[in-house]
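First the structure, in the form of structure tokens, and then the observations on it.
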Amino acid sequence: MGGSGGFGVRREPGANETVDVRAALSRLRRDSGLPVAFGGLRAGAGCYRINELAGTETTVLRGLDIVRGNGLGGKAVALSRPLAVTDYSASSVISHEYDAAVAAEGLRSVLAVPVIVRRRVRGVLYGALRRPVRLGDRPLSAAMEVARELEQALLLQDEAARLLSVSHQPATGDPARWEEVREAHGELRGLAQQVGDPLLRQQLLAACGRLVTASSPRPGTDGPAPALAPRELDVLACVASGATNAEVAERLGLRPETVKSYLRSVMRKLGAHTRLQAVVAARRAGVLP
């Protein structure tokens with residue numbers, strides 16, 4: 001932990017990322033039994049900013065930068081593995097650039113866990129006690145599990161951003177381009193069901209709507225659109241991307257029998273006798289791109 005300085009271009013975390021970090025710290029305190037937790041994400045080249053605190057008595061740690069290799073967190077980042085010390089200020093295995101901030105908060109035993117997404121360290125989480133006690137396996141294991149959950153949440157955010165960027169690109173008459181758009185639509189609907197943040201889920205589904213609108217026939221050319229339930233549309237969008245029933249079930253967290261049931265309902269509503277006919281009918285009706 002260190003004071004602000006010139007460590008390259010800084011990047012403030014987005015609102016959804018901030019929510020994810022805040023939730024991770026809450027879980028870390030609950031599951032590890034450690035009363036203090038704090039952390040943050042990458043803010044520049046080799047720099048990670050502490051922007052969320054839980055259980056602290058001061059705000060001295062907020063906004064401080066972690067430099068790769070320095071202190072406990074910086075060393076955990078550099079080694080890409082969790083580390084812990086029994087007495088921070090007296091430890092001989094870390095550097096001591098940040099002792100003043102740690103002492104101001106009254107921390108003694110501290111652990112640090114890097115958050116790694118696609119083999120890149122995206123952030124670091126800390127848990128701490130105000131007395132010098134050797135931290136056992138339980139708090140370290142709990143912190144590692146919380147970091148893994150945060151990694152998955154950030155990965156979902158990244159994938160959502162990628163798919164949203166596809167949805168914003170103008171469509172063309174290129175068949176390959178339309179296949180990419182259709183695949184993005186199916187992935188977006190599947191991803192929306194995995195995202196816990198309501199605002200992001202709404203953005204993903206709105207992007208799905210834009211993809212459909214961009215490819216739909218002119219209003220009134222093929223009669224009113226059939227009233228497909230949201231889950232029926234999720235299943236059909238996955239089927240349209242070429243997924244098997246088993247793959248649809250895994251992607252949407254459903255049982256294979258449930259997927260079949262949704263498909264039967266979709267085909268009945270669309271007057272189709274096969275999966276392919278259902279997809280074609282849905283595209284003609286303007287409910288799939």
Exercise for the section: Look at the side chain of Ser32 and the backbone N and O of Leu28, then say whether any donor-acceptor pair between them is shorter than 3.5 Å. Expected result: yes
Practice task
Using the rule that two of Ile, Leu, Val, Met, Phe, Trp, Tyr join whenever any of their side-chain heavy atoms come within less than 4.5 Å, decide whether Leu79 and Val121 are in one cluster.
Solution key: yes
Problem - Donor-acceptor side-chain pairing of Arg275 and Asn245 below 3.5 angstrom - result: yes
Handout entry: Note: Glu57-Arg130 ion pair, threshold 4.0 Å (strictly below)
Key = yes
Exercise for the section: Give a yes or no on whether the backbone of His273 and the side-chain of Gln277 come within a donor-acceptor separation of less than 3.5 Å. Expected result: yes
Practice task
Flag the pair Glu145 and Arg148 as a salt bridge only when some basic side-chain nitrogen lies within less than 4.0 angstrom of an acidic carboxylate oxygen.
Solution key: no
Handout entry: Enclosure of Lys269 NZ (heavy-atom neighbours >12, cutoff 6.0 Å)
Key = yes
Problem - Between CG on residue Asn51 and CZ on residue Arg22, distance to nearest 0.5 Å - result: 9.0 Å
Fill in the blank from the handout: Taken to the nearest 0.5 Å, the spacing of Tyr126 OH from Leu107 CG works out to 11.0 Å
Exercise for the section: Check whether any side-chain N or O of Lys75 sits under 3.5 Å from a backbone N or O of Val93 as a donor-acceptor pair, and report yes or no. Expected result: yes
Exercise for the section: Indicate yes or no for a side-chain donor-acceptor contact from Ser109 to the backbone of Thr86 under 3.5 Å, with no hydrogens or angles considered. Expected result: yes
Exercise for the section: May I ask you to decide if Asp65's main-chain N or O and Arg49's side chain share a donor-acceptor pair within less than 3.5 Å? Expected result: no
Practice task
Give a yes or no on whether Leu111 and Ile94 share a hydrophobic cluster (residues Ile, Leu, Val, Met, Phe, Trp, Tyr; joining criterion: side-chain heavy atoms under 4.5 Å apart).
Solution key: no
Handout entry: Atom of Leu150, atom of Val21 and distance for their closest heavy-atom approach
Key = CD1-N, 4.1 Å
Handout entry: Test item: Tyr88 side-chain N/O and Ala103 main-chain N/O as donor-acceptor pair under 3.5 Å
Key = no
Problem - Crowding at CE, Met267 (>12 non-hydrogen neighbours, <6.0 Å) - result: yes
Handout entry: Leu135 side chain near Leu34 side chain, heavy-atom distance below 4.5 Å
Key = yes
Problem - Linked, directly or transitively: Leu154 and Val146 (ILVMFWY side chains, under 4.5 Å) - result: yes
Exercise for the section: Treat each ILVMFWY residue as a node, draw an edge where side-chain heavy atoms are under 4.5 Å apart, and state whether Val279 and Leu233 are in one component. Expected result: yes
Exercise for the section: Nearest 0.5 Å please: distance from the CG atom of Leu53 over to the CG atom of Leu25. Expected result: 8.0 Å
Handout entry: Thr56 and Glu105: side chain donor to acceptor below 3.5 Å
Key = no
Problem - Glu97 backbone acceptor or donor facing Ser95 side chain under 3.5 Å - result: no
Problem - Expected output: side-chain Glu151 to main-chain Ile116 donor-acceptor under 3.5 Å - result: yes
Handout entry: Check: Arg62 main-chain N/O paired with Thr59 side-chain donor or acceptor under 3.5 Å
Key = no
Practice task
Output, in order, the C-alpha distance, side-chain angles, deciding distance and verdict of side chain to side chain contact (heavy atoms under 4.5 Å, CB included) for Arg108 and Leu129.
Solution key: CA-CA 6 Å; Arg108 302 293 293 276; Leu129 289 168; over 6 Å; no
Practice task
Taking the side chain as every heavy atom from C-beta outward, state whether Tyr48 and Val77 have any atom pair closer than 4.5 Å.
Solution key: yes
Practice task
Check the pair Arg231, Leu254 against side chain to side chain contact (heavy atoms under 4.5 Å, CB included), reporting the backbone distance first and the verdict last.
Solution key: CA-CA 10 Å; Arg231 216 49 171 151; Leu254 301 172; 3.8 Å; yes
